[in-house]
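To start, the structure under review is shown below, and the notes come after it.
In what follows, every chain begins at residue 1, and chains take the letters A, B, ... in the order their sequences are listed. All values below come from the heavy atoms of this structure, side chains included, with hydrogens, waters and symmetry mates left out.
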Amino acid sequence: MSERGTPLGSSTGASLSARVEPAAAAHVPMPGDRPENRHPSPVALLAAEEERLLACVHCGFCLTACPTYTRLGDEADSPRGRLYLMRAVAEGRLEPQATSFTTHIDRCLGCRACETACPSGVEYGQLLERAREVTAAANGIGLPTRLLLRVFGSRFGTRLTMLGGRLLRGTGAVPFLLRVLPERFRVVRFGLAMLGATRPWRGLRGVGGRGGEAAVAGARAAVDTSGAGSAGMPTGTGVAAAGSISCSAAIDLQASVAPRVALLTGCVQDGLFRRVNEATELVLRANGCAVVRVPGQSCCGALHAHAGARAGARELARRNIEAFEAAGVDYVVVNAAGCGAALKEYGALLADDEVWAARAGAFSARVRDLFELLAELGPRPGATLALRVTYDAPCHLHHAQRITRAPVEVLGLVTGAEVVRLRGAEECCGGAGIYGVLHPELGGRILRDKVEAIRETGADVVVTPNPGCMMQIGAGLLLAGDRTPVLHPVELLAESYRRGGVT
Amino acid sequence: MTATATTPRGAHAPSLDPAVLAALREVVGADGVIVDPGELLVYECDGLTTHRARPRAVVSPRGTAEVAGVVRVLAEARAPFVARGAGTGLSGGAVALEGAVVVSLARMDRILELDPANRRAVVEAGVVNAALSRATSSHGLYYAPDPSSQTACTIGGNVAENAGGPHCLKYGVTSNHVTGLVVVLPTGEVVRLGGGAGEQVGYDLVGLFVGSEGTFGIATEIEVRLLPLPEGVETLLALFDDVEEASEAVSAIIAAGLLPAALELIDRETIRAVEASIFAAGLPTDLGAALVIEFDGARAGLAADAERARSLCLEHGAREVRRARDAAERERLWQARKKSFGALGRIAPDLMVQDAVVPRSRLPQVVKATYEIAARYGVRICNVFHAGDGNLHPTITFDRRDPDQVRRVEEASREIMLRCIEAGGTITGEHGVGVDKRKYMKLVHDDIALRVMRDLQRIFDPAGLANPGKVLEPEGGVEGEGGVAAVPVELSKDVVDYNPADLVISVGAGITLGELQRLLAREGQWLPLDPAGWEGMTLGEAILEAGAGPLRQGYGTPRDLVLGVQLVTGAGEVVECGGRVMKNVAGYDLVKLVVGSRGTLGVVTRAELRLRALPERDTTQLFVASSPAPLLGLARRLASAGLEPVALELLSPAAWRGVARQLGRGEEGWVLLARWHGNRDVVAAAVRGARGVAVFDDPSAATSPWTALSRLEGGAEVVIRLADRPSALAETLEAARSLPGPESELAIMAHVGAGIVRVVAPTSVPDEVWRGALERIGARLVARGGSLLVRGRNGSAAGWPGQVVARDPGVLRLERAIRERFDPAGVLARGSRSR
């Protein structure tokens, strides 16, 4: 129990179900939020996750996988420690308002590297979302996050904000502003740098090739799998590593119909990286897919779920399920790792919803990460790109979706680019939503390590299949005075196909 | 969910005085002290959740100086403390009993020194085990002890528990890989233990400290030995219908002289649990047992060993033996074993993992007993074993919310433990005693041994602040006189117990090494120890002098070979130290204290030794040159080849003449002798790689250069030993060559890999020239961290300076206190030898 002040609205020793409801102002009404979505007690919900919580045997293998533990050296900032705190709250040994709980839950990046390291298969991501609901109910959601949720919760809000971003980017003022704005405007500078990082790489067209013919043999030799099997680090287990070329769910292209797929266009992706979506459609078509547009889709809801606004996340999920069902596609393809993970977990998100649970499960089963799908299909080779590339694994692709090899293998097979191993590729870049704003020092430290590792590779470009990471890493490089461009790997694939005349 | 139970230790200690907290913040900064009760929650237990106690504070220092500062503050406040690394221990060693303050070493994660040329590194206590091996891999080196928690556990924690791991059958445990420590004593004083170059001077306090579970102080910096990464690896997975057959196959493999790097067994229940979990590895669930066998080392010899193991498994009823063809397949073969713990964790909310050790030959019967006991108590049990060294982990799955289940689990555990002890085993092989097994110490130690341990703990920690409540029960129960024995003059030569299948012998210390080797050879085994003059040297003397010869290169020194001793102290106490199993962390490592104690603590009357099978091939090559330089270069090359020599000796012309004379050979010049052990293939490949002048194949022959060398050195009246880092051997040789007297007469011998140079003193009494030279050379060696020792046969070194070596005054004080405890009346002569 915290010694600091009196916990709001609760009484010692009260049973979980009788816990007094915290102040109503802490609950953030979301668009389309129905009354039955408001569960009376987030703590009770956390306690109901007994089975998930008990899976943790306290072995501690997760400690060294956690970016916050390795930086801070405090057990409470480790996954094991956070789980322990969650259990303490669920069991009534600790108040949900206690700073000893909220601080460490807030500080978690949500990267889920701990899930990869865990020998018992603890579903930390799911538990974190519940814990965030608890902290949101206990202390409210902070202003910056609330604003963000407002924006991304509405299509209009998203479009408006993204337009603003594009306009600012288009003025070309960003580099100038970065030069003149003093260091102490840290957050603004970082925001501008992130925006600056969304600019396309003009040098892509000028990259050399090899005679324009599709040369793949050499590429295979140069492919260096990223992340998997680094010395001493246990890799993901159990859940079949979707994305390896020998995936059992492979589609036979020779057989009848070309797969019908729809793309989740996303918020930031569509708003600031439209070229990535265009490249994705090109690549999908080049590999024999029929691409269908789905105009009624919305934000994936990941930000809401991670912030503890699960009701809002569920609303967005229902919208998406409805929209994509109507399109009648074989697969919902996602080119943003964070969104892909969210969509694949709609089944869990709506597990308690009698009406939607089955539909959500069926929907999630159809979701594929772009590279996962390409690996299943067996991608067509394109023209060779003479590039030294290094790959950074987005947390929500590597750890949450367990897709560890497909992106690099596909990249190598299609473009023949030389892939240089990035030290710590599977560690978070510190992006994690608006982590950098909420935890500037820690986020900055994590980003600095990432930038250092990238510079060690001497690569021409960095690729990472997630817009948040692209902006985070791009900003880090920019502010460090490094001009290495950051791309979505699909951009290289599209370029390779364009040159190879495969469209 | 019910509220979890804490383990209260009497009355709660009052909160820390604000002045104390302020003083602590002064040392480590405000962000280094945690006192909020909510924040302290996560520190109430380590990897073992059945014992919990909230600390009064958690302090996170950076560096030795801050640790010392913290301990000084706590010592002044008489506040107990407990050091914590990653908190992955399984005996409750990091639990803060008596309101102890947790001193977290998690922020001390720097590798301070990496010295690939000498295969050593110095690390802060918070360095993660696997991170160390990762950092050294680019130099072709790694840190061998690999507990299953290696991706998270810290070297400091490994030192506290003397951690093991699947590879310790071949490579030993933490204690065999730690050569020096910087320790903050519970007073706040900082001492340096060990760390010298190669030679043991004074007591092996490093060996005593390792495994002391935080009750002697806090180790902040650790000097470790690194090994070269093996050239190749061969992995097999053998499937058996019956766990007894599998155990017998294990024994057969060891008896055949094979020494796998890992030999891991999982039983039917474990396989079923794995296959039913998300970690399913594709094993048939009607299997009785699965055995993972891994060989590593020089590539040339692996196929033969793997093939031999394979046929032995099939001979013993294996259904199938799979062999890995690449790294991916290797991962798959290990899958079931590596995921067993995780799979078991999913069966039930709680796990009781025991850490039992028995002589390997008793494994099958003990395993049967665990099933029988589990059935009787109605609990579910699975077995995972490090089969090679008899270390088994019976694991009971249960739900601690059911008090009846808890009771049955505890009773079943106790009975299993008793059964293991009955079979000649001990209570803990790798997890340590901590708080969890304190109550069982009486089952394996009598009152005298417990009293000795308590007294040692008091010498290091007079105020009783270091990790209270661990290892030993609190006061009471260890008083009472044991029998008092007279210090014996004649020592027994009797074989007390010898089961070749276990590769362990218990024998009277009066037996000579020559007699012992002959006895063992009849079973195709031997003790890989060859100090100068070993043939006529008694076992007791070899142990007390920590004598080691050329074979130290491949097999280590007596501290690596002695599992147990019976010691009769100067006070007449008969102390049973250690045991007869290879992995034993039940209490303080008294054996290490006795080895090399030179008779100042007592007389060794009996010893338990770790044996090896005689190698299939034992081949030595002779190389000659007119100066040492080319031979040193050659030695370096040979040492970094796939199969390392087990001995590499450099001899000066005078030394070689002394040897050659005995063999009837005529070569003249500097000589390098290189010796290899292994199977036919691997030795042949090694010998092919280096063409020598002559080859010796039969070590027992009268024409073996090793026997001749031993007789030469053993027969010398006075031997001067110069030791420094192996990378500085050329300089050490120069120093030896600069000793007085004509160089052509100086018999100089060097253990090339250890950096130790011995010179036979040509004069019986040193004159001023000699004294001056020894002082000068000694001073220079000491300035570089080395040593100069003078050893005489039968006390004939009187008149010579005994040693020139740097000694930490704190260490001298500890040694004096230890000596006084064992020999209060001073009846044991200084440096005396046992007959």
Reported [atom1]-to-[atom2] distance for the pair [X] and [Y], which is rounded to 0.5 angstrom:
| X | Y | atom1 | atom2 | result |
| --- | --- | --- | --- | --- |
| Cys153(B) | Phe61(A) | SG | CZ | 8.0 Å |
| Cys59(A) | Leu351(B) | SG | CG | 10.0 Å |
| Glu75(A) | Ser60(B) | CD | OG | 11.0 Å |

Atom of [X], atom of [Y] and distance for their closest heavy-atom approach:
| X | Y | answer |
| --- | --- | --- |
| Gly73(A) | Ala106(B) | O-CB, 3.7 Å |
| Tyr84(A) | Arg52(B) | OH-NH1, 2.6 Å |
| Gly85(B) | Tyr69(A) | O-OH, 4.1 Å |
| Leu72(A) | Arg107(B) | O-NE, 2.9 Å |

inquiry  = For Thr151(B), is there any backbone N or O sitting under 3.5 Å from a side-chain donor or acceptor partner on Thr64(A)?
reply    =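 Yes; at least one donor-acceptor contact below 3.5 Å.
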ask   = What option among Leu63(A), Thr70(A), Asp74(A) has the most heavy-atom pairs under 4.5 Å with chain B?
value =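 Looking at each of Leu63(A), Thr70(A), Asp74(A) in turn, Asp74(A) comes out on top.
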Under 4.5 Å from a heavy atom of chain A, the part of Ser104(B) involved =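 Just its side chain gets close to chain A.
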message = Given heavy-atom pairs under 4.5 angstrom as the criterion, report whether the side chain, backbone, both or neither of Leu90(B) touches chain A.
response =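 It is neither, since no heavy atom gets under 4.5 Å.
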message = A quick test of your reading: do over 12 heavy atoms of other residues, nucleotides or ligands sit less than 6.0 Å from CZ of Arg423(A)?
response =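 Buried by this count: over 12 neighbours within 6.0 Å.
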query = So, do Asp46(B) and His58(A) sit near enough that their side-chain heavy atoms are less than 4.5 Å apart?
reply =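 No, too far: nothing below the 4.5 Å cut-off.
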query = Are any of the side-chain heavy atoms of Phe101(A) and Leu41(B) separated by less than 4.5 Å?
reply =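 They are not in contact (no side-chain heavy atoms under 4.5 Å apart), so the answer is no.
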key: Interface residue of largest heavy-atom contact number with chain A, from Leu344(B), Val42(B), Val128(B), under 4.5 Å   =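 Of the options given, most contacts go to Val42(B).
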message = Given heavy-atom pairs under 4.5 angstrom as the criterion, report whether the side chain, backbone, both or neither of Ala88(A) touches chain B.
response =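 Only the side chain of Ala88(A) comes within 4.5 Å of chain B.
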ask   = So what's closer than 4.5 Å to chain B heavy atoms on Arg82(A): side chain, backbone, both or neither?
value =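 For Arg82(A), there is no contact with chain B at all, as no heavy atom is under 4.5 Å.
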request  = Determine, step by step, whether Arg401(B) and Glu91(A) satisfy the salt bridge (charged side-chain N to carboxylate O under 4.0 Å, His left out) criterion, reporting the C-alpha distance in whole Å, the side-chain angles of both residues, the deciding distance to 0.1 Å, and the verdict.
outcome  = CA-CA 13 Å; Arg401(B) 297 171 293 185; Glu91(A) 292 169 3; over 6 Å; no
